[in-house]
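What follows is one structure encoded as structure tokens, with my remarks underneath.
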Protein chains: 2
Amino acid sequence: MARDPVASADMSRPQKRNSSSDTSTKSPKRRRLRKISANGRGNIRESNEVRLLQAAETVFAERGFSGATTAEIAARAKLPKANLHYYFRTKAELYRAVLANMLELWLSELDRFTAERDPSEVVAEYISAKLNWSRRRPNASKVFANEILHGAPFLKSYLARDLRQRVEDKAGVVRHWIDQGKMRPLDPKHFVFQLWAVTQHYADFEVQVRAVLGRRRLTEADFADAAANITQLILQGALISPRPSGRAHK
Amino acid sequence: MARDPVASADMSRPQKRNSSSDTSTKSPKRRRLRKISANGRGNIRESNEVRLLQAAETVFAERGFSGATTAEIAARAKLPKANLHYYFRTKAELYRAVLANMLELWLSELDRFTAERDPSEVVAEYISAKLNWSRRRPNASKVFANEILHGAPFLKSYLARDLRQRVEDKAGVVRHWIDQGKMRPLDPKHFVFQLWAVTQHYADFEVQVRAVLGRRRLTEADFADAAANITQLILQGALISPRPSGRAHK
DNA sequence: GGAGAACTTGACCATTTGGTCAGATCGTCG
DNA sequence: CGACGATCTGACCAAATGGTCAAGTTCTCC
């Protein structure tokens, strides 16, 4: 129950004109205040919003923002189209909600990058976690990829503010590890890009991966292979395993 | 809009132009037979097709297949829309042309993977080459990425045939290198995925990269940094540099 | 029990958009 | 020069689609 992802949708409620000015959400008009009778049960709104969000994630992933139709989303959610527009006034608002819904999850994955921890452990964990997202929620990744691919009309400010800051911070941690001789001297930001690239690839380019591997679907084993390969590549390529010779470790 | 653009060859659209005058010479799949007067100069058709293809690449990259409008493409090519449809009967046909136009270039880059050559040299070259494509023709990469992202409706067969076979072949080469102790024992296909992922990332996720790096545009220096990072990561992570002492690694 | 909010939905509508057409105009070659 | 195909293009059109409405139906709570 809890895990209400809709919470983040808050910011997308009072949506209005869009285009590229996303931060301007001033909420000029409070949406119908939801009664939400304390009744712990049967919150119709929540139930329907979740269904719509899930359907939307799938459709947006498959068709992109322009290619997706509210009719198809509604159909997939098994609701009449007019009902979809009752919960989400516009396609853009629904799209925003889907994005917000996912960013919340992603951003936090970088939290484990802290100077005190051991980089090889952190990196291995991160790869595993991101790869898991690619496996469990490929559509979320695809919607995000599609958004970025087309110039991030809705996420420009998110990228420039939150994400940039976050990476800036974590780059500091990586730099610290480098200074400590735990990592090779590489550019921290590019290192992060590389991590993102290889892990998200399995969701975004899933069709290609499947075609090349000759699979009808990517199996758990395929992801295990991917994880093993990526981990080895990154750990060997970017980390410096504590050698008996040099300075102490841990 | 057409539900499924895949329709491999939906040229069934009867042009109903007339009933005979066209010599009914549908001989080769080729459309209207181009006179191509030996006139070495001013081949109008070619000139216009090129302009349309370039405009289309840009628009498809920015908007995706569904989001792109033939009107915008035509405008960008500075031609009336009807003229666009004179050269490319449908949006799908134009889109196909854009894709084909690029695959031709990409597929060949893998040619350098031959057993005789030194892997570290080959890989470094490949990374550099792919990264160059990302820099010089980001739109081509984006159109491709978008196509794959949405299930490769137009490229399914290409992926399953040509690409798969090509990777299969090159995987053999990588395996050979591994057997020779020149590379670490990794999965060859996943290794290729990793190469693609990190290099194309700079074209497909350009906006994100720019945002995080705080650049208005990615500079040559940025790509140099990327190349250095990727090369180090991959070479250190996947190759085994000839050690004076025994080959014992690990 | 019933007032009013929350929710539902079929019917509509204004735009957008891919694609067509028929009548010009241009270019080339015998 | 004249024929004829290649090229050009403004005007259209039918289908698709985002979004609106107003008339219901269901819930909640006093």
Side-chain angles (χ1 to χ4, degrees), chain A residues 15-18 30-49 51-52 56 59-60 63-75 77-95, chain B residues 1-5 7 10-25 30-49 51-52 56 59-60 63-75 77-95:
Chain A
Q15 227 291 134
K16 192 162 217 8
R17 251 236 140 279
N18 57 51
R30 265 278 162 280
R31 210 276 211 340
R32 242 166 288 238
L33 61 157
R34 341 131 100 169
K35 229 343 178 358
I36 306 189
S37 56
N39 181 330
R41 250 259 72 278
N43 189 329
I44 297 180
R45 162 167 243 112
E46 166 140 354
S47 155
N48 282 343
E49 283 184 348
R51 283 168 61 189
L52 285 168
V59 178
F60 281 133
R63 323 263 191 219
F65 179 74
S66 320
T69 69
T70 53
E72 185 178 354
I73 294 173
K78 294 198 168 82
L79 287 176
K81 193 182 68 159
N83 210 347
L84 175 156
H85 284 283
Y86 170 71
Y87 288 107
F88 298 91
R89 290 195 297 208
T90 66
K91 183 164 80 156
E93 187 177 312
L94 175 53
Y95 180 66
Chain B
M1 211 165 292
R3 195 99 229 81
D4 184 352
D10 185 55
M11 330 180 110
S12 49
R13 250 286 168 278
Q15 188 94 313
K16 87 167 40 144
R17 208 180 196 320
N18 55 49
S19 323
S20 58
S21 72
D22 108 23
T23 0
S24 62
T25 320
R30 286 291 56 123
R31 45 190 150 238
R32 246 165 274 250
L33 60 158
R34 26 233 286 263
K35 226 348 182 348
I36 308 188
S37 57
N39 182 330
R41 253 286 58 274
N43 187 329
I44 298 180
R45 164 166 241 112
E46 167 138 355
S47 155
N48 282 343
E49 283 184 350
R51 283 169 60 189
L52 285 168
V59 178
F60 281 132
R63 324 264 190 220
F65 179 74
S66 318
T69 69
T70 53
E72 184 177 354
I73 294 173
K78 293 199 168 80
L79 288 175
K81 193 182 69 159
N83 209 350
L84 175 155
H85 283 284
Y86 170 71
Y87 287 108
F88 298 91
R89 290 198 295 211
T90 67
K91 182 164 81 155
E93 188 176 312
L94 175 53
Y95 180 66

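Computed over heavy atoms, backbone and side chain alike; hydrogens, waters and symmetry mates excluded. Chain naming here is simple, since letters A, B, ... match the order of the sequence lines and numbering starts at 1 in each.
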Interatomic distance where [atom1] belongs to [X] and [atom2] belongs to [N] [whole Å]:
X        : N       : atom1 : atom2 : value
Leu94(A) : dG18(D) : CG    : C1'   : 12 Å
Asn43(B) : dT28(C) : CG    : P     : 10 Å
Glu72(A) : dT17(D) : CD    : P     : 9 Å
Leu52(B) : dT7(D)  : CG    : C1'   : 13 Å
Tyr86(B) : dC21(C) : OH    : P     : 15 Å
Phe88(A) : dT17(D) : CZ    : P     : 21 Å
Leu79(A) : dC7(C)  : CG    : C1'   : 11 Å
Arg63(B) : dG18(C) : CZ    : C1'   : 17 Å

Smallest separation among heavy atoms of [X] and [Y], with atom names:
X        : Y        : value
Ala68(A) : Val59(A) : CB-CG1, 3.6 Å
Ala77(B) : Leu52(B) : CB-CD2, 3.8 Å
Ser66(B) : Lys91(B) : O-NZ, 3.5 Å

TODO: Please tell me which of the listed nucleotides, dC8(D), dG18(D), dA6(C), lies nearest to the side chain of Thr69(A)?
DONE: dG18(D)
Task: Minimum-distance nucleotide to Arg45(A) side chain [options: dG18(C), dC7(C), dT8(C)] - done: dC7(C)
TODO: Calculate, to the nearest 0.5 Å, the distance between atoms CG and CG belonging to Leu79(B) and Leu84(B) respectively.
DONE: 7.5 Å
Open item on the list: Can you list everything that forms a side-chain hydrogen bond (donor to acceptor under 3.5 Å, both in side chains) with Arg51(B)? Sequence neighbours excluded, please.
Closed with: none
Open item on the list: Is there a side-chain contact between Tyr87(A) and Glu93(A) in this structure, where contact means two heavy atoms from C-beta onward sitting under 4.5 Å apart?
Closed with: no
Open item on the list: For Phe60(A) and Phe65(A), take the angle between the two ring planes, folded into 0 to 90°, and tell me which bin it lands in: parallel under 30, tilted 30 to 60, perpendicular over 60.
Closed with: parallel
Open item on the list: Heavy atoms only, 4.0 Å cut-off, all strands: where does Ala68(B) land among base, sugar-phosphate and nothing?
Closed with: sugar-phosphate
Open item on the list: Less than 4.0 angstrom between a side-chain N/O of Asn48(A) and OP1 or OP2 of dT8(C), yes or no?
Closed with: yes
- [ ] With DNA chain D as reference, determine whether Asn83(B) or Gly67(A) sits nearer its 5' end, using the nearest nucleotide of each.
- [x] Asn83(B)
Protein N or O to nucleotides 19-24 of chain D N or O, pairs below 3.5 Å:
{"unit_1": "dG19(D)", "atom_1": "OP2", "unit_2": "Lys91(A)", "atom_2": "N", "d": "2.6"}
{"unit_1": "dG19(D)", "atom_1": "N7", "unit_2": "Lys81(A)", "atom_2": "NZ", "d": "3.0"}
{"unit_1": "dG19(D)", "atom_1": "O6", "unit_2": "Lys81(A)", "atom_2": "NZ", "d": "2.6"}

